[in-house]
Each structure stands twice: as C-alpha cells, then as structure tokens.
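Have a look at the structure below, then the notes.
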Amino acid sequence: MPTILAIESSCDDTSAAICKDGKILANIIFSQKVHEAWGGVVPELASRAHMKNIIITVDTAIRQSGIKKEDLDAIAFTRGPGLIGSLLVGVSFAKGLGMALGLPLIEVNHMQAHVMANFIDQTPSFPHICLTVSGGHTQIILVKGELDMELIGETLDDAAGEAFDKSAKLLGLTYPGGPMIDKLAQSGDPDRFKFAEPQIKGYNYSFSGLKTSILYFIQAQTKLNPDFVKDNLNDLCASIQKTIVDILLKKLTFAVRENHIHEIALAGGVSANSELRKRFEELGKVNNWKTHIPRFEYCTDNAAMIAIVAHHKFLRNEFCDYDVEPLARYHL
Ligand code: KG4
Ligand code: ZN
C-alpha cells in the first residue's frame, strides 16, 4: 500500500498532499492572492508565486501528515491541462525531489483528478456521470472505471466558472467573482430577472451568450437608473446564479436519462456553489439517482485529488519516464 506525495500547480493554487493506503493524511493549499488586483489570473505572476511557495507547501504537507520523506513510495504531479509556466514548476520540482529520493514518478491529468475527488471519502459505482465545472472547463463525463472516463459533452466557449467570474465583473465585483455571487445571492430573488438560455443540441454547453445578454440588460437599465446595479445587486446575483445552474442541470439531466444512468457526481471549483449543490441533491432525490459531491476543500484545485488518482495508478504500475513534459492541453 503506497505512500505518495502529490503536487498540483496547474493554475493559481500551489498544493501538496500526502496519501497513504488511499487515505489523505494532509492537503495543503496555498492560494495566490496576487491575481485579485488584475481581475484574473496573470500567468507569469502565477509561475513566480508557485516558485516561491512550492517548498513551504510540500514541507508543510509532509510535516502535517506525520510521515518522513524517506517513507514515500512515489511522487505524483499534475501534467496538464493548465498554464504551462505553472505546470513547469510542479513537474520540475517533482523530478528534482524524485531524483534525490530515488522514487518513481506518476503523471496525473487534472480533469481526471477533479472527477476522482469524489473517490476520496466516497465509493461511487460504475457507470456514473460526472459534471465537472471549473474556471477553465465544463464537462459531462461518463465514468466507466476509476481511470476509465469518456468525455461526452463540454462547453463550446466559456466555462461555467468563467460565466460566474465574467458576470461578477459586469456587476463590479472583484475576482474571482463566483464565490461573491454565491454569497450575495443568498439574500436575493432568483426569479426577479430572466436571462436568455442557449439552444445548443446534444450534451454541449455554451455560456458566452449569457454574458452578452447580461451586459446588454445592465447597459439598458443603467441608462434609466445609474444606480441600477447597486440597487439590485442581490437580485441580479441570485437571478444570474439560477440561470447558470438551470443551464448546467438541464443538460446533465438530458445526458443521464439518455444513457440510462442512475448515479451522478459533481466536481470542480464551481461545485462549491451552494445553489448548485442544493439543486444537484434535489435532482438526485426527484429522479432516485444516487449523488456524490466532494467536500469543499476537494472541489477547488487541490493536490488530494491528484494523490487519489496517483494511488490508483500506483496499484496498476502506471509510472512515467523522467523525461516527461507538462501539457497545456491534455485530453481525458
Ligand atoms: O476548479 P477551480 O478551483 O480552478 C480551475 O481549475 O479552474 O475552479 C475555479 C472556479 C472559478 O471560476 C470560481 O469563481 C469558481 O470556481 N467558484 C465558484 C464558487 N467557488 C469557486 N463559483 C460559484 N460559486 C462558488 N461558491
Ligand atoms: Zn481545476
């Protein structure tokens, strides 16, 4: 039963986790704050921050887990998809430490890891369908086995997280706007405003039209009342959030019914959204489908999800060569 150190550095969170026998002993997440002032992730600043934080993050994970680095059996890292400069830091660090300790390396696909976050404290059965919603991706995935996944639907333009973040920007909220919209929506009326929903066939999503529809609506209303956004902020947040959740769950329902599936899972940063979590559970109850949602700390980017994939790869002897390179694009 392996003890694995996993490193995640695909975007703007530096994270390290220790996994022993498939159990997470530590999961340290160092969220970079430098991007807030810029209204989005600045790739070069992200690489530099990973460089600065990676040693303390890994060191803290090892110390908190109670293991010694000599106890490790392998080192895992996110190979992609993600920002290439950010990935390079994690991959290079894993190689350096792996070389020094004489350990094998395990490369992990970040999107597969989001799906596997549901296997940390739960045991979903197969096949099930997972909706992965993050800042960079929106995917409907048919999960046939622990490492056997088929992408059956995805966004044609913006990701669900981007829809939250770009809407928040239009409302003058700071980055990342998703959690802010969630908070402000708590005391808003979700049925006050209606926004256009996309008409895309099949299991694919589109969110760019929603952003345009919100922009035109706000522009028109602000002409009538310059304080429109300020006066209606909570209702706007609740209505935008409801529209995004409606779009996400309609397609998910369609895919689950057509594939005769009875078990659903949620993953990715946007699965931290309280409305989405609530409505996802209701959807399961109404249809008698079993549901899985990761704990909050395993929804947004984290190394525990990288570690759990690595655990299953270790059991299958799936190691990679030391000349492995990161991949900015990495399909499931
Ligand atoms: O998975 P993640 O941490 O990073 C990526 O791989 O992209 O997802 C980040 C995204 C951001 O767009 C953020 O606004 C969104 O997840 N997010 C939320 C909430 N918490 C995070 N969106 C809506 N409501 C939330 N509570
Ligand atoms: Zn992610």
Side-chain angles (χ1 to χ4, degrees), residues 6-15 17 27 29-33 35-36 39-41 43 46 50 77-83 86-87 90 108-118 130-139 141 154-155 158-171 173-186 188 190 207 210-211 237-249 266-280 293-306 308-309 328-330 332:
I7 295 166
E8 154 64 31
S9 72
S10 65
C11 190
D12 60 342
D13 295 296
T14 316
S15 182
N27 181 39
I29 304 169
F30 200 111
S31 292
Q32 304 175 358
K33 300 283 172 220
H35 309 287
E36 273 169 20
V41 177
H50 283 304
F77 58 88
T78 303
R79 187 180 183 190
L83 300 172
S86 291
L87 292 165
V108 175
N109 180 310
H110 180 88
M111 299 314 294
Q112 191 170 54
H114 269 304
V115 175
M116 289 294 287
N118 276 300
C130 181
L131 173 66
T132 308
V133 274
S134 73
H137 296 84
T138 303
Q139 301 184 331
I141 298 159
E154 64 185 330
T155 184
D158 289 351
E162 267 178 299
F164 270 105
D165 296 338
K166 288 181 178 177
S167 304
K169 208 169 184 175
L170 294 175
L171 300 177
L173 305 174
T174 51
Y175 177 86
M180 283 289 278
I181 291 196
D182 192 352
K183 200 166 148 221
L184 292 164
Q186 308 283 339
F207 285 101
L210 173 66
K211 179 188 60 195
C237 286
S239 302
I240 291 168
Q241 177 171 275
K242 177 172 189 277
T243 310
I244 296 173
V245 172
D246 281 347
I247 296 170
L248 286 173
L249 294 186
L266 198 58
V270 182
S271 56
N273 182 266
S274 55
E275 175 76 6
L276 179 60
R277 291 171 88 93
K278 190 180 99 205
R279 299 259 310 274
F280 183 84
I293 307 180
R295 261 163 49 186
F296 271 106
E297 61 178 304
Y298 303 143
C299 287
T300 48
D301 288 348
N302 66 88
M305 68 184 192
I306 306 302
I308 200 77
V309 173
R329 288 172 186 273
Y330 190 0
L332 266 180

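When a ligand or atom number is given, it counts from 1 through the structure's own listing order.
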Counterpart residues, side-chain hydrogen bond (donor to acceptor under 3.5 Å, both in side chains), relative to Ser274 (two or more places apart)
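Listed in chain order: Asp182, Gln186.
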Is a donor from one side chain sitting under 3.5 angstrom from an acceptor on the other, for Glu8 and His110?
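Yes, a side-chain donor-acceptor pair sits under 3.5 Å.
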Heavy-atom count around Tyr330 OH within 6.0 Å, excluding the residue itself: above 12?
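More than 12 within 6.0 Å, yes.
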Working note: Ile306 + Ile7, criterion side chain to side chain contact (heavy atoms under 4.5 Å, CB included); need CA distance, chi angles, decisive distance, verdict.
CA-CA 7 Å; Ile306 306 302; Ile7 295 166; over 6 Å; no
For distances below 2.8 Å, what is the count of protein N, O or S atoms around the Zn ion (ligand 2)?
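Protein N, O or S neighbours of the Zn ion (ligand 2) under 2.8 Å, waters not counted, come to 3.
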Between the protein and ligand 1, are there any N or O atom pairs that come within less than 3.5 Å of each other, and if so, what are their names and distances?
unit_1	atom_1	unit_2	atom_2	d
ligand 1	1 (O)	His114	NE2	3.4
ligand 1	1 (O)	Gly269	N	3.0
ligand 1	1 (O)	Asp301	OD1	3.2
ligand 1	3 (O)	Asp301	N	3.1
ligand 1	4 (O)	Asp301	OD1	3.4
ligand 1	4 (O)	Asp301	OD2	3.2
ligand 1	6 (O)	Asp301	OD1	3.2
ligand 1	6 (O)	Asp301	OD2	3.2
ligand 1	7 (O)	Gly135	N	2.8
ligand 1	7 (O)	Gly136	N	3.3
ligand 1	8 (O)	Gly135	N	3.3
ligand 1	12 (O)	Gly161	O	3.3
ligand 1	12 (O)	Asp165	OD2	2.6
ligand 1	14 (O)	Asp165	OD1	2.6
ligand 1	14 (O)	Gly178	N	3.3
ligand 1	24 (N)	Gly178	O	3.4
ligand 1	24 (N)	Asn273	ND2	3.0
ligand 1	26 (N)	Asp182	OD2	2.8

Below 4.0 angstrom, N of the basic side chain to O of the carboxylate: do Lys242 and Asp246 qualify?
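Asp246 and Lys242: salt-bridged.
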Does any N or O in the side chain of Asp301 come within less than 3.5 Å of the main-chain N or O of Asp13, such that one atom is a donor and the other an acceptor?
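Between the backbone of Asp13 and the side chain of Asp301 there is no qualifying donor-acceptor contact (under 3.5 Å).
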Using the test side-chain contact (heavy atoms from CB on, under 4.5 Å), find all partners of Glu36 that sit at least two apart in sequence or belong to another chain.
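So Glu36 forms a side-chain contact (heavy atoms from CB on, under 4.5 Å) with Lys33.
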Quick check: do Arg277 and Phe296 have side-chain heavy atoms less than 4.5 Å from each other?
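The answer is yes, as the side chains (C-beta and beyond) meet within the 4.5 Å cut-off.
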Where do Leu83 and Cys11 come nearest, in terms of heavy atoms and distance?
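In this case the closest contact between Leu83 and Cys11 is CD1-CA, 4.2 Å.
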